[in-house]
Enquirer: 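Next up is a structure, given as structure tokens.
Throughout, protein chains are lettered first and strands after them, A, B, ... in sequence-line order, and every chain is numbered starting at 1.
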Amino acid sequence: NAGVTQTPKFQVLKTGQSMTLQCAQDMNHNSMYWYRQDPGMGLRLIYYSASEGTTDKGEVPNGYNVSRLNKREFSLRLESAAPSQTSVYFCASSEGWGRGNPYEQYFGPGTRLTVT
Amino acid sequence: GEDVEQSLFLSVREGDSSVINCTYTDSSSTYLYWYKQEPGAGLQLLTYIFSNMDMKQDQRLTVLLNKKDKHLSLRIADTQTGDSAIYFCAETPQGTASKLTFGTGTRLQVTL
């Protein structure tokens with residue numbers, strides 16, 4: 001089991017360029033998440049997908065779009081990159097979306113994105 | 001909104017105990033978590049505690065929760081060099097046990 005995989009590992013973009021970050025999990029999890037991690041701050045939730053076919057905004061969704069392609073894959077798209085989107089992006093997955101249960105989230109290794 | 005705060009850095013000697021502290025503001029938090037991030041890696045769940053508990057022990061890890069003061073701590077007994085990492089506390093508000101709010105992280109450095 002690879003767990004949660006992310007591609008690419010590193011990326012440099014110019015302002016205004018677009019790109020898609022890919023995430024896949026092989027644990028048959030129902031829920032998937034995208035976070036960003038900035039220096040001196042905790043991870044912040046960008047978007048999540050509680051189950052296949054649904055997506056919802058998190059804390060910082062502006063400038064991003066997501067697609068839950070199937071149960072395994074959840075992609076994050078930057079349509080017009082800005083320097084403020086320079087960050088480390090983490091994808092995560094969990095067995096379920098808990099209203100009462102703390103489903104453990106499993107994280108990928110991250111994508112380091114620099115926008116110049 | 002919710003706010004979760006931690007001190008930025010802690011240095012301990014190998015074999016000593018480490019205590020990492022966290023304060024949070026959301027009194028409706030249902031679960032509080034500790035995650036570990038090793039260099040170049042994603043986060044890994046260490047342990048969590050339900051808000052109606054005040055202590056949880058798991059091998060070398062002890063979590064203490066003071067709900068009145070909204071204070072959470074993680075004690076690592078017999079700290080090893082492999083424990084060097086960034087430790088994040090996180091909480092979930094009532095009704096959404098999957099929407100995590102993370103603290104800023106505490107970098108633990110273990111020296112010989």
Side-chain angles (χ1 to χ4, degrees), chain A residues 2-7 9-10 21 23-25 27 29-51 54-61 87-112, chain B residues 1-9 20-26 28-53 56 58 63 65 72 85-107:
Chain A
V4 180
T5 56
Q6 293 183 236
T7 55
K9 285 189 167 43
F10 301 94
L21 280 64
C23 173
Q25 51 90 8
M27 296 174 282
H29 284 173
N30 289 303
S31 303
M32 297 185 74
Y33 313 79
W34 276 105
Y35 293 89
R36 60 178 288 172
Q37 183 180 29
D38 300 301
M41 302 183 75
L43 275 71
R44 292 181 291 168
L45 183 64
I46 305 171
Y47 271 93
Y48 64 97
S49 170
S51 61
T54 69
T55 60
D56 282 288
K57 295 178 181 178
E59 185 186 350
V60 288
S87 189
V88 181
Y89 290 86
F90 288 100
C91 177
S93 70
S94 65
E95 188 180 337
W97 172 259
R99 294 212 177 273
N101 297 314
Y103 291 108
E104 179 177 352
Q105 293 187 24
Y106 294 80
F107 285 79
T111 295
R112 188 173 294 275
Chain B
E2 303 87 4
D3 203 13
V4 182
E5 294 191 358
Q6 303 175 238
S7 53
L8 289 179
F9 184 76
I20 302 170
N21 294 302
C22 171
T23 57
Y24 61 98
T25 58
D26 187 351
S28 73
S29 295
T30 50
Y31 290 97
L32 295 119
Y33 306 78
W34 284 104
Y35 278 83
K36 177 183 180 183
Q37 184 181 31
E38 296 182 359
L43 279 68
Q44 177 187 10
L45 179 65
L46 284 178
T47 187
Y48 67 89
I49 188 168
F50 188 50
S51 58
N52 70 351
M53 299 168 65
K56 182 178 181 181
D58 185 359
V63 178
L65 175 60
L72 181 73
I86 301 176
Y87 291 81
F88 291 92
C89 66
E91 57 95 20
T92 52
Q94 193 169 27
T96 61
S98 294
K99 265 193 176 181
L100 296 168
T101 297
F102 285 89
T104 51
T106 299
R107 183 178 295 276

Enquirer: What option among Gln37(A), Glu59(A), Arg112(A) has the most heavy-atom pairs under 4.5 Å with chain B?
Expert: Gln37(A)
Enquirer: Check whether Gln6(A) gets within reach of chain B through its side chain, its backbone, both or neither, counting any heavy atom under 4.5 Å.
Expert: neither
Enquirer: Between CD of Glu104(A) and CG of Leu45(B), what distance do you get to the nearest 0.5 Å?
Expert: 4.5 Å
Enquirer: Hey, does Leu45(A) have a side-chain heavy atom less than 4.5 Å from the side chain of Leu100(B)?
Expert: no
Enquirer: Counting C-beta onward and ignoring hydrogens, is there a side-chain heavy-atom pair between Gln37(B) and Phe90(A) closer than 4.5 Å?
Expert: yes
Enquirer: List the steps and the verdict of side-chain contact (heavy atoms from CB on, under 4.5 Å) for Tyr33(A) and Lys99(B).
Expert: CA-CA 10 Å; Tyr33(A) 313 79; Lys99(B) 265 193 176 181; over 6 Å; no
Enquirer: Let me know which of Tyr35(A), Phe107(A), Tyr106(A) forms a side chain to side chain contact (heavy atoms under 4.5 Å, CB included) with Leu43(B).
Expert: Phe107(A)
Enquirer: CD/Gln44(B) to CD/Gln105(A) distance, rounded to the nearest 0.5 angstrom?
Expert: 14.0 Å
